[in-house]
4 protein chains.
Amino acid sequence: MISTSILNVTSYTGLELLRLLSQHPTFNVTSVTARSAAGKTMTEVFPQVHGSAFASLSITEEPEQTELAFVCLPHTAAAESAVKLLQRGTKVVDLSADFRLRDAGQYSTWYRHTHPAPALLETAIYGLCERYRSRIEGASLIANPGCYATTAILALIPALASGIIGSDIIIDAKSGASGAGRTPTQGTHYTEINEDVSAYSVTGHRHLPEITQELEAAAREAGNSLANGLRITFIPHMMPMTRGILATCYADVKRDTPHPISTTAEARALYEEFYANEPFIRIVDSPPHTKWTYGSNLCLIYPMVDTRTGRLLVIACLDNLVKGAAGQALQNANLLFGLPETTGLPLMALYP
Amino acid sequence: MISTSILNVTSYTGLELLRLLSQHPTFNVTSVTARSAAGKTMTEVFPQVHGSAFASLSITEEPEQTELAFVCLPHTAAAESAVKLLQRGTKVVDLSADFRLRDAGQYSTWYRHTHPAPALLETAIYGLCERYRSRIEGASLIANPGCYATTAILALIPALASGIIGSDIIIDAKSGASGAGRTPTQGTHYTEINEDVSAYSVTGHRHLPEITQELEAAAREAGNSLANGLRITFIPHMMPMTRGILATCYADVKRDTPHPISTTAEARALYEEFYANEPFIRIVDSPPHTKWTYGSNLCLIYPMVDTRTGRLLVIACLDNLVKGAAGQALQNANLLFGLPETTGLPLMALYP
Amino acid sequence: MISTSILNVTSYTGLELLRLLSQHPTFNVTSVTARSAAGKTMTEVFPQVHGSAFASLSITEEPEQTELAFVCLPHTAAAESAVKLLQRGTKVVDLSADFRLRDAGQYSTWYRHTHPAPALLETAIYGLCERYRSRIEGASLIANPGCYATTAILALIPALASGIIGSDIIIDAKSGASGAGRTPTQGTHYTEINEDVSAYSVTGHRHLPEITQELEAAAREAGNSLANGLRITFIPHMMPMTRGILATCYADVKRDTPHPISTTAEARALYEEFYANEPFIRIVDSPPHTKWTYGSNLCLIYPMVDTRTGRLLVIACLDNLVKGAAGQALQNANLLFGLPETTGLPLMALYP
Amino acid sequence: MISTSILNVTSYTGLELLRLLSQHPTFNVTSVTARSAAGKTMTEVFPQVHGSAFASLSITEEPEQTELAFVCLPHTAAAESAVKLLQRGTKVVDLSADFRLRDAGQYSTWYRHTHPAPALLETAIYGLCERYRSRIEGASLIANPGCYATTAILALIPALASGIIGSDIIIDAKSGASGAGRTPTQGTHYTEINEDVSAYSVTGHRHLPEITQELEAAAREAGNSLANGLRITFIPHMMPMTRGILATCYADVKRDTPHPISTTAEARALYEEFYANEPFIRIVDSPPHTKWTYGSNLCLIYPMVDTRTGRLLVIACLDNLVKGAAGQALQNANLLFGLPETTGLPLMALYP
């Protein structure tokens, strides 16, 4: 058994980690923290954990010593905690944005804070397992990707890495409200979200630099020349639902390449080969529904060519709290400790 | 044209009043207040009033002089405003609870405040038009009934006033989240209410004394002896929807009366006669859906006898923001100014 | 009073027409039809019209003679009825797709039927009032635009007509489930749509040719050379909500024009000028919410320039059953009979 | 490993069984049937099982030989299948209503069919594990209780068995739409259920005789004299949500007993003792939310005394597809095969 702590367990990602870890054979949750709830037991805060092994766990302000820690704190606070945990020898999976951007300057631009631990940016690994699996295995600090970023990157990497699309990319993403967290605001008040859809953060959502960093890296590794970088527009939308992200991605198919693609069948073959050995990615043969991933760690991807315009469309979806957060964090932790990557991770959605 | 003000227009009831008054031929909204939004125009706070006649109305902190005022302030603050408005000669429809209970002692028990203007309790009329129409016409201060109270009282008054049921009453009520108002809380956070149903205020909801006061008055007027008063249990439930209240009411049919009822047909005939001339009440012949009243001022009532047990069941529903709040307030205002009671009030629901 | 019939009143658009016409001073509904409900009264089919003037209207199989008819039948059946109505001298607003495409060949390609009345395509006017107002006034047959088409066309016409964007256009649209009509299917079963979002009709939705026809016409009239036509990708998505369409439109800003735009302020100024006199269009200054149009005939439009990429984004929304169907139909009928265009049309949304 | 079949796997209960069995260490699903989908693989019908061990399972019309069968067929068809399965030596958990009522006459009254296998009513055990655990262990045919029945019976048995309440009982129940099954109907069309609540089956829901049978049995065993049986009114309501049942139960506390209860603390103590060793029942100390049981096999119960009226209220909730159907079926199967009762059953809800 590997002793495990969850920092800020009263967040939705913290609670989802608890759910997943309640089925995990090796990671043993021995410490949970939450400033506002310190001194209480889990069931005093969350009657919904009644019946789980964690019901009587006491919430503390600071974590006890453990081998593994999941950090669900807000950005900046997360980095500060990570520094301390690493000094103690704890392996850290950080679910905040603090170690996702390799460039501390980008961090201060987007998060309006000087990075609290820029030295760690060197060693932190961007925890997209499908891409950095081998580096994760030897790491001590994982930057768990953002929910939108995971969806968009998984959707587009095969196309960029194989050079079949150009640099013009549009990502129209739709997310359930749990992505906005557990703190009540006017914008997440029930009566405001119910029966409504709207775009938000249209002048620049914080997941955009992460998406750009990873997609450009993939394109460059594939020998794609990107003199001016990718030209990505990313527009998130708030959906009247709790869980799920769907990203509809649009790009121009390149004609001047050795092997241009022109049909949906070709696009699908390319994607199926790219992800052939991935346990949590499925190339589906009809446009996927977010609900098909409810509670599971799957990412479903549907690539197609719009034959009227020659564009490549890739529609991808996942559960923002699982593959987009807690599930991916656990997948990373499995790799960190040499466990089978799928350990304790649900493959089948709760449906309906 | 009658000059009209809305106090605390940034509440949901204030906004709903604006919607209804935008169709009203006589009441002219000339002043709107809201402490937090003073100095702004309506569209700066509510882009959703774009296109209405009220788009450019300026929000002030204190109301200007008008002939009519709708007070949408929280309790206590409402009474304080009402005092000032009445002194100026303004007729007041108060949507708060401040003047609903005739007994100031009850008020301090349930609202945990000494009543700010107990003298006004003598002159305030409980604005249930179907019951106090004639008194409302000559009044200057109307206590607009609570949303749950309106539903339950309209459902049960015919049975109590005609003496066909005993004193044992259970009211199991279900409400949409807009009844909880516009201020964000953990309990009204989208992700907490969506896909959930729960009972709340089970040890005593503030609409209970109002329901008891009115139902006991009706029973007594009908010559019903109530040595110990009615024995009412009222349990509200939060529904994952925005608008609508449905009250399922259970009572024992009395056997020892001159004309006991024993069939649904008899119950329906009694209700149809009782409400024969009411413009906003319909006795329906199948269990009503809250959605059939979405946006309208109707209250739908379905009385039936459960033949296995001899109980009377009455299921009633309405839109909590219309007949349960702003619509009823407007109905009261129409009566206050001698206008046809139905002026400007929608009779047809928005469906689906 | 102008006698009015609604064909297939048991559709959602038929029911919404009834709601709007219940507030209309001139159009008097005297005949309603529905094959499956012939012989019944309105309240027998829709308890939700209790209380309206239409409660006791009898549903017939064929319409009686009226001056105006709204045809809510499915395509093909609609055209067949329109032929008969026009022969009687009835003015027709057809809410189906039958007269939207000017080219009968396009019709048979997309609707898989030979057009039942191709001769009428000459005289039918595409009922987008903001564009064809003057022609509508003298017409006898109006093809009421599709809900997605209305949203996308209103969003993009100002940009195309002023030549500021190129021919590459992506329309990512999101719609509530009422757009799918009233007939139950697996895909519109409550438990399948709730808590789900998905793309559908990805290989070609039937509103695409309509959008293309109108946008290309606008571009050509503006002197825009379109050697190969526009290159439009249109992807609709099903939302877990009842009403509302939001279209997020992406296009490249042209640089090689006399007056290229490069800021959101310029885009907004252009749109505000273009729609300066339109009673139902509002250029908003933050991304609009579908809920801001719930039940109203407004279309809200938010144009912006994505400064990182130089793209023009236009986000537009409306209520698919009002401005996207019944409201627009009524707006057309007002024009047909020389009434003020806004007669009987709600400008303020039901909120929340 | 125990070979297992699911009959009518394309029902929601069948699909939920698959989800639960995908985590079960002993029951191995080797055969799945569905008339309408015979010949297809699971993923062809349900893309949402992508990634599970069952993805490639072939659906057949008739089940193969297995040691255990879960029958998810409609009533009557279920009994016919059960007969055949039992003859082959297969142990059967029937999720239909066919073997729930001990009296074949009651069956024909409520289900309007002559019972297809009345002889089996003798040996079938009503599969409420908390009540009939020891009989289930030796049985071959289990009648899995209805979802409403499970909630109501678990809520009320402690009070009836201990003689603290009288015979007057009201059960006001609220259910998500998945209880209505997977077949689309007008009543379960998304746009009809969304933003709506209504009562249904008010003249007699089919779970009533089941509830009555079990509650009367419990009362009689406890030495409660029930000359005229219990006087139960049961009113179900449809909620705008997918999963979850909440039953609010009202009963009169008996005064003329040796140990009458009069406080919530006493009621809770009694309930806690009654269910002290039950793995899936939790007595909670605030009114429970259905969402606290989403996807888990828990039943949460909140007993209280309404001190104003002396009534006992018991509010209970569960996930209708888990403890109300598939989870309870699996709990029964665990007992049938001598496995630990909790094997493979989730104790922690998916939240939010």
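Per chain, numbering begins at 1; letters A, B, ... match sequence-line order.
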**Message:** As an exercise: rank M348(D), E195(D), R182(D) by heavy-atom pairs under 4.5 Å with chain A and give me the winner.
**Reply:** M348(D)
**Fill in**
d(Y271(A) OH, T264(A) OG1) to nearest 0.5 Å is 12.0 Å
**Complete:** Residues of residues 41-49 of chain A with a heavy atom under 4.5 Å from any heavy atom of chain D, in residue-number order, are P47(A), Q48(A), V49(A)
**Request:** Run the salt-bridge test on E273(D) and R268(D) with the 4.0 Å N-O cut-off and return the result as yes or no.
**Result:** no
**Under 4.5 Å from a heavy atom of chain A, the part of D285(D) involved** = neither
**Prompt:** With no hydrogens and no angle check, do the side chains of T248(A) and K174(A) hold a donor and an acceptor under 3.5 Å apart?
**Reply:** yes
**Asked** Looking at N194(A), L20(A), T293(A), which makes the most heavy-atom pairs under 4.5 Å with chain D?
**Response** N194(A)
**Asked** Is it the backbone or the side chain of R19(A) that comes under 4.5 Å from a heavy atom of chain D, or both, or neither?
**Response** both
**Message:** Tell me every residue that passes ring-ring contact (aromatic ring centres under 6.0 Å, His included) with F27(D), counting only those two or more places apart in sequence or in another chain.
**Reply:** H24(D), F337(D)
**Electrostatic pair E272(A)-R282(A), nearest N-O below 4.0 angstrom** = no
**Item:** Segment of L298(D) engaging chain A (4.5 angstrom heavy-atom cut-off)
**Value:** side chain
**Request:** Identify the two heavy atoms, one from T188(D) and one from A180(D), that lie closest to each other, and give their separation to 0.1 Å.
**Result:** CG2-CB, 3.7 Å
**Item:** Distance in Å, I301(A) CD1 paired with I283(A) CD1, rounded so as to fall on 0.5 Å steps
**Value:** 4.5 Å
**Message:** If we count only N and O atoms by modelled type, under 3.5 Å, do the side chains of N320(A) and S178(A) hold a donor and an acceptor together?
**Reply:** yes
**Asked** For the candidates V284(D), L300(D), I281(D), L321(D), which exhibits the highest count of non-hydrogen atom pairs separated by less than 4.5 Å from chain A?
**Response** V284(D)
**Message:** What part of R243(D) gets within 4.5 angstrom of chain A, counting heavy atoms only: side chain, backbone, both, or neither?
**Reply:** side chain
**Message:** Testing the basics here: between R131(D) and I157(D), what is the closest heavy-atom pair and its distance to 0.1 Å?
**Reply:** CD-CD1, 3.1 Å
**Gap between atom OH of Y302(D) and atom SG of C317(D) - 0.5 Å precision** = 13.0 Å
**Request:** Counting only heavy atoms closer than 4.5 Å, note whether L18(D) contacts chain A via side chain, backbone, both or neither.
**Result:** both
